[in-house]
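In the text below, chain A, chain B and the rest are named by the order of the sequence lines, each starting its count at 1.
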Protein chains: 2
Amino acid sequence: MAAIQPPKAQYQQVAALLRERIHDGTYTADQPLPSEPQLSAELGVSRQTINRAMNLLRSEGLVRVRRGFGTFIRGVPQVTRDAKKRYAARNQGTGAGDVEIKALGLTPRTEYVEIGRVPAPAAVATVLSIETGAPVLVRRRHLFANDEPTQLADSYIPWDIAEGTELLNRNVGRGGSYTRLAELGHGPVRFTEEVTVRTATDDEASLLELDGGQPVIDITHIAWDAADRPVEVALHVMPGNLWRLRYDWDDPTADEYPTVDGEV
Amino acid sequence: MAAIQPPKAQYQQVAALLRERIHDGTYTADQPLPSEPQLSAELGVSRQTINRAMNLLRSEGLVRVRRGFGTFIRGVPQVTRDAKKRYAARNQGTGAGDVEIKALGLTPRTEYVEIGRVPAPAAVATVLSIETGAPVLVRRRHLFANDEPTQLADSYIPWDIAEGTELLNRNVGRGGSYTRLAELGHGPVRFTEEVTVRTATDDEASLLELDGGQPVIDITHIAWDAADRPVEVALHVMPGNLWRLRYDWDDPTADEYPTVDGEV
DNA sequence: CAGTGGTCTAGACCACCAC
DNA sequence: TGGTGGTCTAGACCACTGC
């Protein structure tokens with residue numbers, strides 16, 4: 001084994017060593033990693049240094065700690081989320097949130113946490129162009145793959161659109177909620193998404209079973225109807241290491257290339 | 001949701017306190033934060049605990065350490081990168097990488113690190129559908145806003161397309177490189193982007209002046225010509241906290257809503 | 001109960017920076 | 001040279017887990 005020498009910090013060297021052992025199969029997913037005191041003795045560094053190395057691996061999403069029990073390898077593959085295809089897939093009779101999970105042979109599960117009328121939070125109100133506190137329908141879901149949490153998804157629809165419709169049911173019926181919106185004269189024809197990366201809040205970390213400081217992907221998805229009114233906003237929060245987002249589009253200006261100076 | 005929470009770790013409480021003081025203006029950007037020994041004395045916790053709190057703030061991108069000097073607030077606002085508009089902007093005579101920065105009133109700067117013929121790295125070769133090691137043109141840039149690094153961008157073009165063209169120059173001429181590609185019969189008509197979040201490598205952390213463990217956004221941008229050949233791939237690496245990505249698209253299936261059961 | 005990881009402290013040495 | 005943050009150690013206490 002490579003010696004632990006101080007050109008780099010020891011905890012970084014320990015982390016590198018553990019990463020290697022995880023990749024080459026020295027440690028397997030069915031067993032906990034050696035305990036911190038054990039590694040401390042084996043590598044001749046203090047337990048604090050081992051602990052710091054573990055924290056690195058945790059922030060990378062490589063391992064997961066079960067307190068009082070041990071540290072385990074996280075075996076979840078990366079899921080690809082294709083922004084266009086996932087909405088097209090509503091016609092395949094699958095909940096859009098499940099498409100990507102099934103594609104990997106994993107078992108998706110959706111837990112409905114809340115469906116009902118609430119006052120619009122400020123961020124949602126801004127997006128929907130309504131007053132803060134104005135009534136909206138919220139549909140709050142937690143999504144899992146093989147019982148591991150993969151995503152929090154809260155979707156909001158203005159109450160004047162949703163009131164008294166099937167959108168209040170757990171199962172919104174054939175074709176999904178966008179089909180219901182279409183029947184109500186608000187069929188989405190355009191979507192926008194804004195993606196940011198930030199550290200998880202305490203609540204999110206707890207719900208997604210993340211360690212503090214792990215980054216999450218925050219997606220604000222907006223559906224616009226033909227009158228250019230925002231009719232639904234969905235807020236997605238996902239573990240950063242778990243997802244790969246895919247977007248594609250045609251060049252709107254392919255015809256009009258040469259004009260002025262510039263570089264790409 | 002706000003159930004009874006266990007008392008938080010001291011370093012988290014310290015971090016929360018410092019966050020608050022940064023936001024309410026107790027600490028300002030022109031002065032270093034109080035030193036760790038000072039805070040240790042003031043708050044009655046050990047220096048280690050202060051240091052751990054500082055590491056949290058660093059991983060959030062809120063502060064930045066200048067070793068041997070002090071810890072400073074990072075004052076960089078978030079930059080929005082609109083996938084479609086940035087390419088359309090090539091016709092405004094601006095380097096596409098600069099559009100977003102100028103929009104915020106910051107001063108962009110592009111540093112060309114390498115322009116030349118290299119063997120294709122494996123990841124690039126796969127995307128371009130060529131052999132690993134086959135020659136490609138690489139254009140490697142580092143982008144800054146107000147002299148703070150904001151992005152690494154490496155773009156690759158198959159050598160059989162780029163050879164002997166203006167694409168080898170630092171300034172590729174009117175309309176940017178996509179205009180040159182169009183003149184060569186490979187004008188991009190479609191783009192795909194894949195976005196992942198991961199921890200920075202050592203090199204990236206050093207170039208982007210990040211702390212270890214800070215997340216980066218990794219974008220693989222591919223330009224396709226009318227024959228559906230990938231003619232350029234650009235790899236972008238950006239500090240995760242610094243950017244907001246925006247995508248928008250029209251619903252390709254807006255006409256064909258109702259079909260089978262499903263939820264969204 | 002014994003073993004696990006989470007956290008905290010006191011003390012120490014070091015590399016780096018400004019003066 | 002003195003102050004800064006980066007790191008490491010030994011020892012300790014705690015909450016949580018499974019047996």
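- Taking atom CG on B/Leu39 and atom P on D/dT4, their separation rounds to 10 Å, with Å as the unit.
- Considering only side-chain N and O atoms, B/Ser46 lies nowhere under 4.0 angstrom from the phosphate OP1 or OP2 of C/dC8.
- Comparing A/Gly68 and A/Gln48 against DNA chain D, the residue whose closest nucleotide sits nearer the 5' end is A/Gln48.
- We find that CD of A/Gln10 is positioned 16 Å from C1' of C/dA15, with the value rounded to whole Å.
- Whole-Å rounding puts the A/Asn51 CG to D/dC8 P distance at 12 Å.
- Put simply, CG on B/Asn55 is 8 Å from P on D/dT7, counting in whole angstrom units.
- Between B/Gly44 and A/Thr71, the one whose closest nucleotide on DNA chain C sits nearer the 5' end is A/Thr71.
- Within 4.0 Å of A/Pro37, counting heavy atoms only, lie sugar-phosphate atoms of the nucleic acid but no base atom.
- The nucleotide D/dA15 finds its pairing partner in C/dT4, both defining distances of the Watson-Crick or G-U wobble pair being shorter than 3.5 Å.
- Between A/Tyr11 and A/Arg67, the one whose closest nucleotide on DNA chain D sits nearer the 5' end is A/Tyr11.
- Distance check: B/Ile219 CD1 to B/Glu193 CD gives 5.5 Å after rounding to the nearest 0.5 Å.
- In this structure, A/Arg66 atom CZ and D/dC16 atom C1' are separated by 13 Å, rounded to whole Å.
- Rounded to whole Å, atom P of D/dC8 lies 11 Å from atom CG of A/Leu56.
- Comparing D/dT4, C/dT7, D/dA10 by their closest approach to the side chain of B/Gln38 singles out D/dT4.
- In this structure, CZ in B/Arg52 is found 8.0 Å from CG in B/Leu56, a value given to the nearest 0.5 Å.
- Between the C1' atom of D/dG6 and the CZ atom of A/Arg52 lies a distance of 7 Å, rounded to the nearest Å.
- Checking the phosphate oxygens (OP1, OP2) of C/dT7, no side-chain nitrogen or oxygen of B/Thr49 falls inside 4.0 Å.
- Residue A/Gln151 forms a side chain to side chain donor-acceptor pair (under 3.5 Å) with just one option from A/Arg81, A/Arg141, A/His236, and that option is A/His236.
- In this entry the distance linking CD1 of B/Ile50 with P of D/dG6 reads 13 Å, nearest Å.
- In this structure, CG on A/Asp82 lies 12.0 Å from CZ on A/Arg244, to the nearest 0.5 angstrom.
- Looking at heavy atoms from C-beta onward, B/Pro34 lies out of side-chain contact with B/Thr71 at the 4.5 angstrom threshold.
- Not a single donor-acceptor pair, N or O on each side, falls under 3.5 Å between the base of C/dG11 and the side chain of B/Arg47.
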